[in-house]
Amino acid sequence: MRLCEDIYALTKKFPKHELYALGSQGQRSSSSVPLNISESNAFQLYPRKQIMFLSNALGSLQETRCFLELSLRLGYIDADTHTKLDKESEELIRMLVGMIKKVKSKIA
């Protein structure tokens, strides 16, 4: 959730012409991560569906990382901010992969 909050705070500082373009895309992709994780919890009795939502969260997280890289290249964020948020996203990736593996072990 913290990464999502950080992205929302970050996009408030974007140029006006990016508020409904790149900024909005970053907000949508970052908010999709906790939303998909939350939705996966509703399907604990259905591991395959749970994996689908966790995989969607992982995809949204990769999209968020691309958003961060593009924001850096366009000069909307500095290198320190990028590094901090990218490290945060890498930790989330490790956690999501662990969650997916745990759910997959229930299927086998």
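Computed from heavy atoms alone, side chains included, the values below leave out hydrogens, waters and symmetry copies. Numbering starts at 1 and runs along the sequence shown.
- Rounded to the nearest 0.5 Å, atoms OG (S89) and CD (Q62) are 7.5 Å apart.
- Judged by distance alone, the side chain of S31 and the main-chain N or O of R28 form a donor-acceptor pair under 3.5 Å.
- For the residue pair Q50 / S40, no side-chain donor-acceptor distance below 3.5 Å is found, with atom types taken as modelled.
- Side chains of S38 and N41: no donor on one and acceptor on the other come within 3.5 Å.
- Separation of atoms OG (S24) and CZ (F67) is listed at 10.0 Å; rounding is to 0.5 Å.
- Other members of the hydrophobic cluster containing F53, listed by chain and number, are F43, L45, Y46, M52; membership follows side-chain contacts under 4.5 Å among ILVMFWY residues, whether direct or relayed.
- Between the OG1 atom in T83 and the CG atom in L72 there is a gap of 8.0 Å [rounded to 0.5 Å].
- V97 is connected to I51 through a chain of hydrophobic side-chain contacts under 4.5 Å among Ile, Leu, Val, Met, Phe, Trp and Tyr, so both are in one cluster.
- When every heavy atom of G23 is checked against every heavy atom of T11, the shortest pair comes out as O-CG2, 3.6 Å.
- Under the 4.5 Å side-chain heavy-atom criterion for Ile, Leu, Val, Met, Phe, Trp and Tyr, L35 and L58 are members of distinct hydrophobic clusters.
- Ion pairing of E90 with R65 is present here, as a side-chain N (NZ or NE/NH1/NH2) and a carboxylate O approach within less than 4.0 Å.
- Scanning both residues, Y76 and P15, for their nearest heavy atoms gives CE2-CG, 3.5 Å.
- Contact detail for V103 and L54: the closest heavy-atom pair is CG2-CD1, 4.1 Å.
- Judged by distance alone, the side chain of N36 and the main-chain N or O of S32 form a donor-acceptor pair under 3.5 Å.
- Within the structure, salt bridge (Lys or Arg N to Asp or Glu O under 4.0 Å) contacts touching residues 5-20 (residues at least two apart or in different chains) are D6-K84.
- In this structure, CZ in R73 is found 12.5 Å from CG in L68, a value given to the nearest 0.5 Å.
- If you chain together hydrophobic residues whose side chains sit under 4.5 Å apart, M99 and I107 fall into the same group.
- A donor atom on one side chain and an acceptor atom on the other are found under 3.5 Å apart for S29 and T64.
- Here the CD-CZ distance, from E88 to R2, works out to 4.0 Å after rounding to the nearest 0.5 Å.
- Follow the hydrophobic side-chain contacts under 4.5 Å out from L74 and you reach I77 in the same cluster.
- How far CZ of F14 is from CG of L22: 5.0 Å, rounded to the nearest 0.5 Å.
- With salt bridges taken as basic N to acidic carboxylate O contacts below 4.0 Å, none links E91 and K87.
- Note on L3 and L70: same hydrophobic cluster, where clusters join Ile, Leu, Val, Met, Phe, Trp and Tyr whose side-chain heavy atoms are under 4.5 Å apart, directly or indirectly.
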